[in-house]
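All of these numbers come straight from a predicted model, not from anything done at the bench.
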Amino acid sequence: MKRQHPIALIRYTSKNFWLLLIPLLRGLFALKFDFYSWLSGAYLDILVVLIILGAAFFRWWNVAFEAEENGLMFHIGFFVNREFFVPYSAMTSLTAKHTFILRPIKAVTIFIDTDTQSVMNKASDSDVKVVLKLNDYKQICDKMPNRNLGAKLIYKASKGKLLFFSFVFSSTLSSLIYFGTLLIQGGRLIGEELEERFITAVNDVTKAAERIIGGITPFTVAVIIVIGGGWLYSFIANYLRHINFKIQKCGESISVENGFFTKWEYFINSKKINYVDLQQNLLMKIFSAMSVHVSCTGYGKQKNEIPVFVPITDKKSVAGVMKMFLPEYEPSRMEICPRWNYIMRFIGPAAAVIFLIIIAAFAGIMLLPGWYSVIFFLAIMGEIVSVHWLIVRLEAFYTNGIGMSDDGVGNINRGEGTVAIRYCHLFKFHYIIVQRDKITAVEIKQTPFQKMNDSCDLVFYIRSERVKSHRIRGLNLKDAEKMAGRLGYSVNC
């Protein structure tokens with residue numbers, strides 16, 4: 001039996017353990033390394049630190065594993081010994097994280113996932129998470145089936161496509177949350193001096209921008225700086241996260257590699273993929289580009305990860321990559337689409353928001369005339385987003401639909417063939433390709449307004465670790481019932 005890399009001891013300490021070391025080190029420096037005086041004054045704190053380290057060592061020592069021919073055996077516990085075996089054939093994905101800090105000491109963090117949920121972990125956690133020595137990790141990879149058998153198919157994403165992908169999928173909101181947490185926690189640790197310097201720097205930039213752009217308020221400049229800074233951080237992080245992106249396929253095993261500072265390796269069982277998701281936003285539609293994502297338990301599960309399979313490329317290249325790596329997921333033409341008299345189901349909410357913002361802005365200016373510039377700026381920003389949403393929803397009306405890879409005759413019981421689902425969620429267009437046997441349920445939903453014109457929404461539930469639904473809006477009720485019947489699933493109205 002083997003044990004984890006010794007650096008895994010840090011994992012078994014308390015979350016804020018390192019904060020206890022700060023006052024101890026500060027006291028040691030203040031006493032000019034007078035160890036006797038330091039021990040006599042801080043022996044209780046030192047005792048607590050030693051107890052925490054001892055408990056961490058005890059937990060680390062009692063986690064062992066063995067790489068067998070058919071899978072991995074794990075032994076956990078001392079007083080209560082638990083053993084569990086993970087067959088290679090049951091693994092949906094194996095993720096290896098080569099952290100920049102841990103690479104010099106040859107330590108690798110691996111995450112193993114299956115379609116079943118581990119009883120020992122949270123639903124959001126991987127079934128297995130261990131920190132291994134690099135040699136142990138390589139031995140596991142060599143024993144995985146189809147890892148080194150047959151010819152390899154290779155696809156590499158260009159740096160230009162990765163830049164475009166990072167530009168499109170950068171999230172300002174998540175970056176602002178990250179920065180807010182960083183500032184709050186940082187303020188507690190570094191005191192007020194550095195915080196004041198940061199605020200002063202932001203004010204200086206705001207005043208400089210105000211002088212360059214005449215008539216713009218400091219509030220407007222500050223908002224632009226904050227939003228722009230958050231997006232820029234997300235853009236850089238996404239690019240460094242996905243740089244050197246490469247896919248390889250050998251038999252049923254697909255490997256994905258990417259990363260700059262932290263290098264990632266993924267091993268995916270192609271037979272365990274739940275569905276393929278071809279994603280676009282409005283900008284990508286204009287340039288006829290799309291990004292291919294896959295739903296596979298464990299892949300893209302870690303924090304700030306995106307389950308991307310092809311970062312971004314044109315439609316023709318996507319078709320070629322799909323035939324090479326995922327030939328069983330064949331796109332289908334749309335058979336059922338929204339009818340013209342269902343258009344308000346798509347553009348109604350966005351149009352309502354546009355008018356509500358105008359009314360709210362007029363009311364705000366009348367009640368608070370001194371805040372005119374702030375209210376006007378917020379209204380303009382809100383209208384830009386709302387008009388963008390309206391255009392997206394109008395495009396969704398013309399692209400939503402459902403199709404099947406065959407006529408549905410004779411294949412229902414065997415679950416053969418694929419189903420293509422096109423819909424829009426918020427600002428993103430999805431083109432889902434799923435095999436029939438991965439669809440677990442179909443549901444028809446109607447609002448009171450939809451009952452008036454015999455329209456409905458058709459909801460597909462697809463097999464995955466978490467319950468995931470895909471909703472196609474504004475379909476004719478009879479067409480939706482016919483499609484559900486062809487699939488052989490019960491319909492709940």
Centroid-centroid distance, Y275 to H470, less than 6.0 Å: yes

Side-chain (E443) to main-chain (L458) donor-acceptor, under 3.5 angstrom: no

Can you name the ring pair (Phe, Tyr, Trp, His ring centres under 6.0 Å) partners of F460, sequence neighbours left out? none

Salt-bridge criterion met for D115 and R463 (N-O under 4.0 Å): no

Check the side chains of H293 and S295 for a donor-acceptor pair under 3.5 angstrom, ignoring hydrogens and angles. no

Under 4.0 Å between a Lys/Arg side-chain N and an Asp/Glu carboxylate O for E335 and R486? yes

Ignoring hydrogens and angles, state whether a donor on the side chain of T114 or D127 is under 3.5 Å from an acceptor on the partner side chain. yes

Can a donor-acceptor pair be found, under 3.5 Å and without considering hydrogens, that links the side chain of Q248 to the backbone of S255? no

Output yes when K445 and D457 qualify as a salt bridge under the 4.0 Å nitrogen-oxygen rule, no when they do not. no

Under a plain distance cut-off of 3.5 Å, with no hydrogens placed, do R241 and N258 share a side-chain donor-acceptor pair? yes

CD1 of I236 to OH of Y239, rounded to nearest 0.5 Å, is 11.5 Å

Candidates D113, I112, V294 - the one meeting side-chain contact (heavy atoms from CB on, under 4.5 Å) with S93: D113

I'd like to check the ring pair (Phe, Tyr, Trp, His ring centres under 6.0 Å) partners of Y299; sequence neighbours left out, ordered by chain and number. Y266

Short side-chain to backbone donor-acceptor contact, H430 and I432, under 3.5 Å: no

Look only at the side chain of T99 and the backbone of V108, and say whether a donor-acceptor pair between them is shorter than 3.5 Å. no

Please state whether the rings of F267 and Y137 are parallel, tilted or perpendicular, taking 30° and 60° as the class boundaries. tilted

Check the surroundings of atom CG in N341: do more than 12 heavy atoms from other residues, nucleotides or ligands lie under 6.0 Å from it? yes

With sequence neighbours left out, what residues match F260 under ring pair (Phe, Tyr, Trp, His ring centres under 6.0 Å)? none

Given 3.5 Å as the limit, does a donor-acceptor pair link the side chain of Y342 with the main chain of N453, or not? yes

Examine distances only and state if a side-chain atom of T95 and a backbone atom of I110 form a donor-acceptor pair shorter than 3.5 Å. no

How long is the straight-line distance from NE2 of H5 back to CD1 of I105, given to the nearest 0.5 Å? 4.5 Å

Once you measure the plane-to-plane angle for F325 and F309, does it fall in the parallel (<30°), tilted (30-60°) or perpendicular (>60°) bin? perpendicular

Looking at F449, I'd like to know if its CZ atom is crowded, meaning that more than 12 non-hydrogen atoms belonging to other residues, nucleotides or ligands lie closer than 6.0 Å. no

d(I154 CD1, E257 CD) to nearest 0.5 Å is 9.5 Å

